[in-house]
Student: 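Quick one: the structure is below, questions incoming.
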Amino acid sequence: MFATAKTVARTALDCRPWASGHAAYLLHQVSGRGPLDEAGLQDEAALRAAANWLAAAQDSQRDGGFAGRYKLSSGWSSSYPETTGYIIPTLLQLADHWGEAVWRDRAARAVDFLLDLQLPDGAFPGGEVLENRTNPSPFNSAQILNGLTNWTQATGDARVQAAAARCAAWLIAVQDGDGAYRQHFYLNVAATYATHLSCWLAEYGAAFGDKAALASAERHLDWALAQQDAKTGWFDLAGFSVEQHRDRTAYTHTIAYTIAGVLTTSLILGREDGIAAARRAAEGVMRRLELSRRLPGVLNWRWRAVEHPQCLTGNAQMALIWFALTRHDGDWRFANAGLKALDLVKRAQLHSNVNPGLAGGIGGSDPVWGSYIPKALPNWAAKFFIDALLEKRAVLATAARQA
């Protein structure tokens with residue numbers, strides 16, 4: 001009991017309830033939050049609030065990048081190149097959705113920030129800028145490649161296309177012979193969530209006719225498919241750490257990275273075996289959502305809960321996967337799961353707060369003191385939430401036309 005009381009007291013101190021807006025945010029974490037928005041009446045308000053939070057994350061920095069997260073313990077962190085990269089396509093979607101040029105302007109600022117960070121060999125550094133500007137990261141570089149590819153397609157910017165080509169060439173060069181990524185990777189351990197690296201090589205290769213990039217992506221897809229459990233559909237090596245690999249567990253964030261990467265690459269390459277593998281894993285997560293009526297943040301290889309606090313980024317990412325499978329298969333079970341997962345994220349979002357670091361943002365965990373990005377609101381949670389809300393709108397529009 002004493003240890004529990006000490007833990008609660010430490011958590012409360014770390015969350016600084018006396019800081020601007022923190023008490024209201026923390027109250028929201030324990031208040032029950034009202035009914036689910038099953039009719040989607042709050043979607044546009046939720047979208048605007050999350051977009052404004054992303055704008056605040058960029059405006060908190062002077063370099064054009066997006067702060068990696070808002071920490072309850074200390075405020076905004078420094079700019080995070082990796083996520084700034086894949087926020088660029090989200091900003092371009094917002095510009096089109098609302099017809100507002102300001103989001104494209106923000107994307108341009110992000111592009112300039114990233115080009116200034118590119119290393120001589122074409123790679124980009126891992127981590128936030130205050131942590132590292134020199135050590136390359138394949139995974140982070142690929143997320144930036146996604147942004148550079150989409151910006152080039154939207155604008156025809158030759159300068160950015162050249163940077164993307166150099167990045168893609170470096171990613172191909174550091175891939176191991178068996179298709180996996182180990183060099184410069186986190187802990188130098190191969191992980192199947194690196195499919196969310198190779199899928200952007202596939203995207204780049206398809207966009208610009210780069211056969212080497214497409215072949216590289218396919219080699220990694222083959223390696224990842226060999227890691228799938230034949231009985232359950234689980235992808236081994238999907239976690240962040242050696243311990244998670246050993247225990248065959250992972251956060252829904254990296255589970256979703258793995259499934260999304262397999263699905264994206266397979267759709268680009270026309271690989272039906274990869275689509276089937278992604279579908280099977282997505283069904284496993286969907287069954288857990290339906291049985292638990294929520295999505296536990298850490299699952300094991302049998303799709304059973306290991307940690308009960310939700311990983312909200314994983315919820316939004318899985319919604320995107322389920323919507324993509326609905327589009328491909330016409331199976332509306334997946335769309336139903338996506339709607340449920342997204343409602344759970346919406347309940348955790350606080351639209352209004354005097355603190356721009358809290359208004360509209362999405363916590364790493366629900367409740368926010370869970371183990372995934374504890375006591376902080378990461379920018380990638382808002383990014384995937386926005387993407388999922390926009391994709392939900394598109395999927396429902398398709399359904400309306402087919403009715």
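Heavy-atom basis, side chains included; hydrogens, waters and symmetry copies ignored.
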Student: Any side-chain donor-acceptor pair under 3.5 Å between S79 and D63?
Tutor: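 On atom types as modelled, these side chains qualify, holding a pair under 3.5 Å.
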Student: Any side-chain hydrogen bond (donor to acceptor under 3.5 Å, both in side chains) pairs touching residues 303-312, not counting sequence neighbours?
Tutor: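 Those involving residues 303-312 are E307-S371, Q310-N315, Q310-D366.
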Student: So which pairs with a foot in residues 44-83 pass ring pair (Phe, Tyr, Trp, His ring centres under 6.0 Å), sequence neighbours left out?
Tutor: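 Every ring pair (Phe, Tyr, Trp, His ring centres under 6.0 Å) pair that includes a residue of residues 44-83, provided the two are not neighbours, is H22-Y70, W53-W76, Y70-W76, Y80-W380.
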Student: I'd like to check the salt bridge (Lys or Arg N to Asp or Glu O under 4.0 Å) partners of D43; sequence neighbours left out, ordered by chain and number.
Tutor: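 By the salt bridge (Lys or Arg N to Asp or Glu O under 4.0 Å) rule, D43 matches K346, K392.
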Student: Crowded around R393 CZ? As in, over 12 foreign heavy atoms under 6.0 Å?
Tutor: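 Open.
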Student: Would you check if the side chain of D37 reaches a backbone N or O of Q42 as a donor-acceptor pair within less than 3.5 Å?
Tutor: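 The answer is yes, because a donor-acceptor pair under 3.5 Å joins these two groups.
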Student: Over all heavy atoms of both residues, which pair between A67 and Q61 is shortest? Give the atoms and the distance, please.
Tutor: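 What the structure gives for the nearest pair is CB-NE2, 3.5 Å.
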Student: Measuring from L72:CG to L13:CG, what's the distance to the nearest 0.5 Å?
Tutor: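 Here the interatomic distance stands at 12.5 Å.
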Student: What are the two closest non-hydrogen atoms of A110 and I88, and how far apart are they?
Tutor: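 Closest approach of A110 to I88: CB-CG1, 4.0 Å.
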Student: Ring centres under 6.0 Å, that's the criterion: do Y251 and Y257 meet it?
Tutor: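 Ring centroids of Y251 and Y257 are no less than 6.0 Å from each other.
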Student: Measure the acute angle between the ring planes of H253 and Y372, then classify it against the limits of 30° and 60° as parallel, tilted or perpendicular.
Tutor: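 Plane angle between 30° and 60°, so tilted.
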Student: Does the pair T195 and L221 meet the rule for a side chain to side chain contact (heavy atoms under 4.5 Å, CB included), with working shown?
Tutor: CA-CA 7 Å; T195 56; L221 175 64; 5.6 Å; no
Student: For D121, which residues count as a side chain to side chain contact (heavy atoms under 4.5 Å, CB included) partner, sequence neighbours excluded?
Tutor: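 Result, side chain to side chain contact (heavy atoms under 4.5 Å, CB included) vs D121: L119, A123, W170.
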Student: Between D178 and R182, is there a side-chain heavy-atom distance shorter than 4.5 Å?
Tutor: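 They are in contact (side-chain heavy atoms under 4.5 Å apart), so the answer is yes.
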Student: With side chains defined as the heavy atoms from C-beta onward, is the minimum distance between S198 and S216 less than 4.5 Å?
Tutor: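 Heavy-atom side-chain distance check fails, nothing below 4.5 Å.
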Student: Side chains of N140 and P125: does their closest heavy-atom pair fall under 4.5 Å?
Tutor: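 Not in contact.
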Student: Can you check side chain to side chain contact (heavy atoms under 4.5 Å, CB included) on M286 and M318, steps first, answer last?
Tutor: CA-CA 9 Å; M286 179 171 65; M318 285 307 309; over 6 Å; no
Student: Report the residues that fulfil salt bridge (Lys or Arg N to Asp or Glu O under 4.0 Å) with E131, sequence neighbours left out, ordered by chain and then residue number.
Tutor: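 Listed in chain order: nothing, the list is empty.
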Student: Apply salt bridge (Lys or Arg N to Asp or Glu O under 4.0 Å) to the pair D229 and K231, showing each step before the final yes or no.
Tutor: CA-CA 6 Å; D229 187 285; K231 292 183 179 179; over 6 Å; no
Student: Do side-chain atoms of N336 reach the backbone of W332 as a donor and acceptor pair under 3.5 angstrom?
Tutor: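 Pair absent, no side-chain N/O of N336 close to backbone of W332.
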Student: My understanding is that only residues two or more places apart in sequence, or in another chain, count here; which of them pass ring pair (Phe, Tyr, Trp, His ring centres under 6.0 Å) with Y204?
Tutor: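 Y204 satisfies ring pair (Phe, Tyr, Trp, His ring centres under 6.0 Å) with F208 only.
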Student: Walk me through it: do R333 and D329 pass the test salt bridge (Lys or Arg N to Asp or Glu O under 4.0 Å)?
Tutor: CA-CA 10 Å; R333 294 178 306 140; D329 296 349; over 6 Å; no
Student: So T83 and K383, do their side chains get closer than 4.5 Å, heavy atoms only?
Tutor: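 No, too far: nothing below the 4.5 Å cut-off.
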Student: Taking the side chain as C-beta and beyond, is there a heavy-atom pair between T398 and T326 under 4.5 Å?
Tutor: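 No. Closest side-chain heavy atoms not under 4.5 Å.
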Student: Going by side chain to side chain contact (heavy atoms under 4.5 Å, CB included), name the residues that satisfy it together with L350, two or more places apart in sequence or in a different chain.
Tutor: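 Testing L350 for side chain to side chain contact (heavy atoms under 4.5 Å, CB included), a comparison that skips the adjacent residues, returns Y25, H28, N353.
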Student: If you count every heavy atom of other residues, nucleotides or ligands that lies below 6.0 Å from R62 atom CZ, does the total exceed 12?
Tutor: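 No, not enclosed.
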Student: For Y181, what residues pass the ring pair (Phe, Tyr, Trp, His ring centres under 6.0 Å) criterion, not counting sequence neighbours?
Tutor: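 Counting only residues at least two positions away or on another chain, Y181 forms a ring pair (Phe, Tyr, Trp, His ring centres under 6.0 Å) with H220.
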Student: Taking it one step at a time, do Q183 and N188 satisfy side chain to side chain donor-acceptor pair (under 3.5 Å)?
Tutor: CA-CA 6 Å; Q183 300 177 58; N188 294 317; over 6 Å; no
Student: Side chains of Q349 and F385: does their closest heavy-atom pair fall under 4.5 Å?
Tutor: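 The answer is yes; the side chains approach within 4.5 Å.
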Student: Which atom names give the shortest non-hydrogen contact between G179 and W223, and what distance separates them?
Tutor: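 For G179 versus W223, the nearest heavy atoms are C-CB, 4.3 Å.
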Student: Who pairs with T249 by side chain to side chain contact (heavy atoms under 4.5 Å, CB included), at least two apart in sequence or on another chain?
Tutor: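 T249 satisfies side chain to side chain contact (heavy atoms under 4.5 Å, CB included) with Q244, D247, V298, N300, V306 only.
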Student: Show the nearest heavy-atom pair for residues S352 and A359, with the distance to one decimal.
Tutor: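 Nearest heavy atoms, S352 then A359: C-CB, 4.3 Å.
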Student: For a quick check under 3.5 Å, do W200 and Q143 share a side-chain donor-acceptor pair by atom type?
Tutor: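 A donor-acceptor contact under 3.5 Å links the two side chains.
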Student: Between E128 and S78, is a side chain to side chain donor-acceptor pair (under 3.5 Å) present by the stated rule, with each step listed?
Tutor: CA-CA 6 Å; E128 295 186 1; S78 63; 3.0 Å; yes
Student: If you round to the nearest 0.5 Å, how far is CG of D343 from CZ of R294?
Tutor: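 So the CZ of R294 and the CG of D343 are separated by 14.5 Å.
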Student: Taking atom OH of Y186 as the centre, does the number of heavy atoms from other residues, nucleotides or ligands within less than 6.0 Å exceed 12?
Tutor: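 Incorrect, the count does not exceed 12.
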Student: Is the closest side-chain heavy-atom distance between L342 and F323 below 4.5 Å?
Tutor: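 Yes, side chains in contact.
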Student: Heavy atoms, side chains only, cut-off 4.5 Å: are I373 and V368 in contact?
Tutor: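 No, their side chains stay 4.5 Å or more apart.
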Student: Looking at every non-hydrogen atom in both residues, tell me the closest pair between A382 and A50 and how far apart they are.
Tutor: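 Smallest heavy-atom distance, with atoms named: CB-O, 4.4 Å.
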Student: Just grab all the side-chain hydrogen bond (donor to acceptor under 3.5 Å, both in side chains) pairs involving residues 12-21, residues at least two apart or on different chains.
Tutor: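 The answer is D14-K375.
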Student: Could you give the side-chain donor-acceptor pairs of residues 258-271 under 3.5 Å, partners two or more places apart or in another chain?
Tutor:
{"residue": "T258", "atom": "OG1", "partner": "Y193", "partner atom": "N", "Å": "3.3"}
{"residue": "T258", "atom": "OG1", "partner": "T254", "partner atom": "O", "Å": "2.8"}
{"residue": "T264", "atom": "OG1", "partner": "A260", "partner atom": "O", "Å": "2.8"}
{"residue": "T265", "atom": "OG1", "partner": "G261", "partner atom": "O", "Å": "3.1"}
{"residue": "S266", "atom": "OG", "partner": "V262", "partner atom": "O", "Å": "2.7"}
{"residue": "R271", "atom": "NE", "partner": "D273", "partner atom": "OD1", "Å": "2.8"}
{"residue": "R271", "atom": "NH1", "partner": "E218", "partner atom": "OE2", "Å": "2.7"}
{"residue": "R271", "atom": "NH1", "partner": "D222", "partner atom": "OD1", "Å": "3.1"}
{"residue": "R271", "atom": "NH2", "partner": "D222", "partner atom": "OD1", "Å": "2.7"}
{"residue": "R271", "atom": "NH2", "partner": "D273", "partner atom": "OD2", "Å": "2.9"}

Student: Determine which pairs satisfy ring pair (Phe, Tyr, Trp, His ring centres under 6.0 Å) with at least one residue from residues 101-125, sequence neighbours left out, and list them in order.
Tutor: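 Listed once each, the pairs are W98-W103.
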Student: Can you name the closest pair of heavy atoms from R106 and L91 and give their distance?
Tutor: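 Looking at all heavy atoms of both residues, the shortest contact is C-CD1, 3.9 Å.
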